[in-house]
Structure formats: structure tokens, C-alpha cells
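In what follows, a single structure is set out as C-alpha cells and then discussed.
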Amino acid sequence: MTQFDLSLDRLRTYRSASVEPEDFDAFWTKTLDEARAHELDARFEPVATGLATVEVFDVTFAGFGGHPVKGWFVLPAGAAEPLPVVVEFLGYGGGRGLPHTHLLWASAGFAHFVMDTRGQGSGWATGDTPDPTGSAPSFPGFMTRGIEDPYSYYYRRLFTDAVRAVEAARSHPLVDASRTAVTGGSQGGGITLAVAGLVRDLVAVAPDVPFLCDFPRATTITDRTPYREIGNYLKTHRGRVERVRETLAYFDGVHFAARATAPALFSTALEDLTCPPSTVFAAFNAYAAEEKAIEVYDFNDHEGGGAFQQAAQLGWLPGKLRQGT
């Protein structure tokens, strides 16, 4: 695949046509207030992993609706003083998997909280969190579950879980809550942007090839899943385009980015058909913080920078997390 989207010069000035709902902030305030009516009840159970350099905890906390959500909490072995924490969200279809696959940030000297993804976890890594809330008929996948009403949409539950995950991570006695960063790739990058817009006191945000951005363009420029799930739904449910677009506007990373103030390091790939670069730049260009940067991988698809992007994050994120120490 060759580059198919706007030129890089145009990408750097591109703005989304997504229309922000008038009650966007009220919707999310109400949603989070309802979630916080349930006790967080964050529990950290030690797990024997055979790993000598880290300590691992099996986490359960109350997410949307008080539903139990799982996670992993990984600490450098022997940690005795509160550490900065990196909260990570996962890509589409995957779950938290096994703890030994999450060593990067603890190896760098930080606490690391990995949130499981409700209802997912059978695509490329196992998950342990069910989604007990049903929905009206939907196209296979997660993109259209409850898509005709923002209150029933799947990502309302998932984004709420993510905010509560930050709260759960901060509740651990070996976490310095004032130094919290969030990160994730693809769907995890989209969740990262949602959290960046909903949690205002983060110190750093690192969305990697983020999904769930600029829905009006994303759903029409690529025929690759998961965005194509929405087109396939509308192919059957004719005449419901506007209703679906109105729902998606409450979950568009562009609108969360416009509320984010923490320093950010994005990434995109110019041959990415899953999360086209214009959709990523739509969120990046809307991102409200003065301190922001984006790594561009010219000849890559959705794998983006891979280990090179991890290296870029390792060169950037520790400085943000260690400020004030």
C-alpha cells in the first residue's frame, strides 16, 4: 500500500468536520457522576509469575455501572516509595493477556497499570472482563453496539471504565497520584484521548496511532475494520446515518483532544488504512495543550512505529513523570 490520504503539509493543518454536541460536557459529567456513585473497591492481589525484576498484582475495580473490571498492576521489584504511574489501554479485540507481556514501564522504574477491556479479549490477547450490558441488534464487533443512542453505546461504558482505571491506579499506596500518564495504541490510543479530555490533572499523554477519531472522515475514507463495521451497519439500517453520527460525536477523540491540557506525544503512519493519518491529525491538531508533538512513520501501516515508537516514548515520557522529584 502506498500513501493514500492527504499530503503531509495538508495533514498538518487538517481539521475535522465532526460537530461537537452542545451537551457534550454535561453528558460526560452525568456519566462519570453515575459511575462514581459506586464504590471504586479497587483490590490488588499479588500474583506469582516467576519474574524476578517486577511484582505483579491482579486488579479488580468497579467501572461503569459498578461492573467489575480487571487489570494488571506491575511494580519494579522492591519498590518502597510512591512512584509515578503509567496507565495503559489496549487495542481493539485484545484483553490484558498475561502479566509477563507488560514489562516495559516497570522496567523503566514506574508503576504500570494495564486495564482489561470489557467484552473483548479474544482477538489477539485474552481478557477476563465481561460486558454485562446488552444492546440492540448490532453488526459483529463492538463499534455498533448501542450505536443509535449515546447512553447505550458501548464506548460510553469503556471510556468510563478507563477513567475509573486511573482512579484505581492512583488509589494504590505505592503510586504518586500527582504524576500520572496515560498511553495506548489504536483503540487504546483513542481511549487515551478520551481520558486526557476527562481527567484534567495528568502529566503526560501518549496516544499511538489512535483509533476512534474524526468519525465523519474515518467511516468514509477506509473500508478496513473496525471503522467499516459502522458502514456495514448503515448498509442494513438505511436512513439512520444522522442518528448514528449524532451518537458518535459524543465519543470522537477530536472533542476530547480539544479539552486536553497535558503534554502529548502522538504517532501516526502515512500508509495506515485502519486509522488513516488524517483522522489522527484531526485529533492532534485539535489537541489543546501547547506542548505536543507527533511522530510520523512514512512507509508504515497500522503497525506504526512499533518498537521505534516505544523508544520515542522512553525518551520522552520519563522526563514528564519525574518532574518535581
Side-chain angles (χ1 to χ4, degrees), residues 32 35-36 38-47 49 54-64 66-77 79-90 94-97 99 101-118 127-129 157-185 187-208 256 260 262-264 313 317-318 320-325:
L32 296 178
R36 289 173 178 140
H38 302 273
E39 290 293 330
L40 182 62
D41 192 25
R43 286 166 282 153
F44 299 80
E45 301 293 335
V47 177
T49 62
V54 298
E55 298 175 14
V56 179
F57 299 81
D58 183 355
V59 184
T60 307
F61 66 94
F64 178 91
H67 304 155
V69 178
K70 300 295 289 183
W72 294 123
F73 183 63
V74 187
L75 285 172
E81 299 293 333
L83 298 171
V85 64
V86 178
V87 181
E88 182 178 2
F89 309 109
L90 302 170
R96 65 175 182 164
T101 63
H102 303 291
L103 300 180
L104 180 67
W105 293 111
S107 298
F110 306 115
H112 184 194
F113 189 104
V114 182
M115 187 189 84
D116 202 18
T117 308
R118 65 166 59 221
D128 297 294
T129 303
R157 302 191 291 280
L158 186 53
F159 288 177
T160 302
D161 291 347
V163 171
R164 297 288 272 171
V166 170
E167 295 169 359
R170 287 174 158 178
S171 74
H172 194 279
L174 286 177
V175 164
D176 179 350
S178 69
R179 292 182 287 160
T180 303
V182 291
T183 189
Q187 175 185 256
I191 300 170
T192 293
L193 285 171
V195 173
L198 295 170
V199 179
R200 303 301 174 85
D201 60 347
L202 302 170
V203 298
V205 174
D208 185 15
F256 292 110
Q313 291 175 344
L317 191 53
K320 304 302 176 189
L321 288 169
R322 291 187 175 120
Q323 284 180 0
T325 61

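All residue numbers refer to positions in the sequence shown, counting from 1.
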Kindly give the heavy-atom pair with the smallest separation between [X] and [Y], and that separation in Å.
| X | Y | answer |
| --- | --- | --- |
| V203 | S178 | CG1-O, 3.4 Å |
| A206 | T183 | O-OG1, 2.8 Å |
| Q313 | P318 | O-CD, 3.5 Å |
| L103 | P99 | CD2-O, 4.2 Å |
| P173 | P82 | O-CG, 3.8 Å |
| A106 | V54 | CB-CG1, 3.8 Å |

Please test V195 against V87 for side-chain contact (heavy atoms from CB on, under 4.5 Å), starting from the C-alpha separation and ending with a verdict.
CA-CA 10 Å; V195 173; V87 181; over 6 Å; no
Could you check whether E167 pairs with R170 (Lys NZ or Arg NE/NH1/NH2 to Asp/Glu carboxylate O, under 4.0 Å)?
no
Side-chain heavy atoms of V182 within contact of F89, under 4.5 Å:
yes
Within the structure provided, determine whether R322 and F110 are in side-chain contact (heavy-atom separation under 4.5 Å).
yes
For side-chain contact (heavy atoms from CB on, under 4.5 Å), just list the numbers for R164 and R36, CA-CA rounded to whole Å, side-chain angles, deciding distance to a tenth of an Å, and then say yes or no.
CA-CA 8 Å; R164 297 288 272 171; R36 289 173 178 140; 3.5 Å; yes
Atom pair [atom1]/[atom2] of [X] and [Y] - distance to nearest 0.5 Å:
| X | Y | atom1 | atom2 | value |
| --- | --- | --- | --- | --- |
| L174 | F44 | CG | CZ | 10.0 Å |
| F256 | I191 | CZ | CD1 | 11.0 Å |
| H112 | L83 | NE2 | CG | 13.5 Å |
| T192 | Q187 | OG1 | CD | 10.5 Å |
| T160 | L198 | OG1 | CG | 8.0 Å |
| E88 | W72 | CD | CH2 | 14.0 Å |

If we ignore hydrogens and angles and just use 3.5 Å, is the side chain of D176 paired with the main-chain N or O of P84 as donor and acceptor?
no
Got a donor-acceptor contact below 3.5 angstrom from the T129 side chain to the R118 backbone?
no
Under the side-chain contact (heavy atoms from CB on, under 4.5 Å) criterion, do F57 and L75 qualify, and how do the steps go?
CA-CA 9 Å; F57 299 81; L75 285 172; 3.9 Å; yes
Parallel, tilted or perpendicular, as decided by the 30° and 60° cut-offs, for the rings of F73 and H172:
tilted
Pick one: which of D58, D116, T117 meets side chain to side chain donor-acceptor pair (under 3.5 Å) with K70?
D58
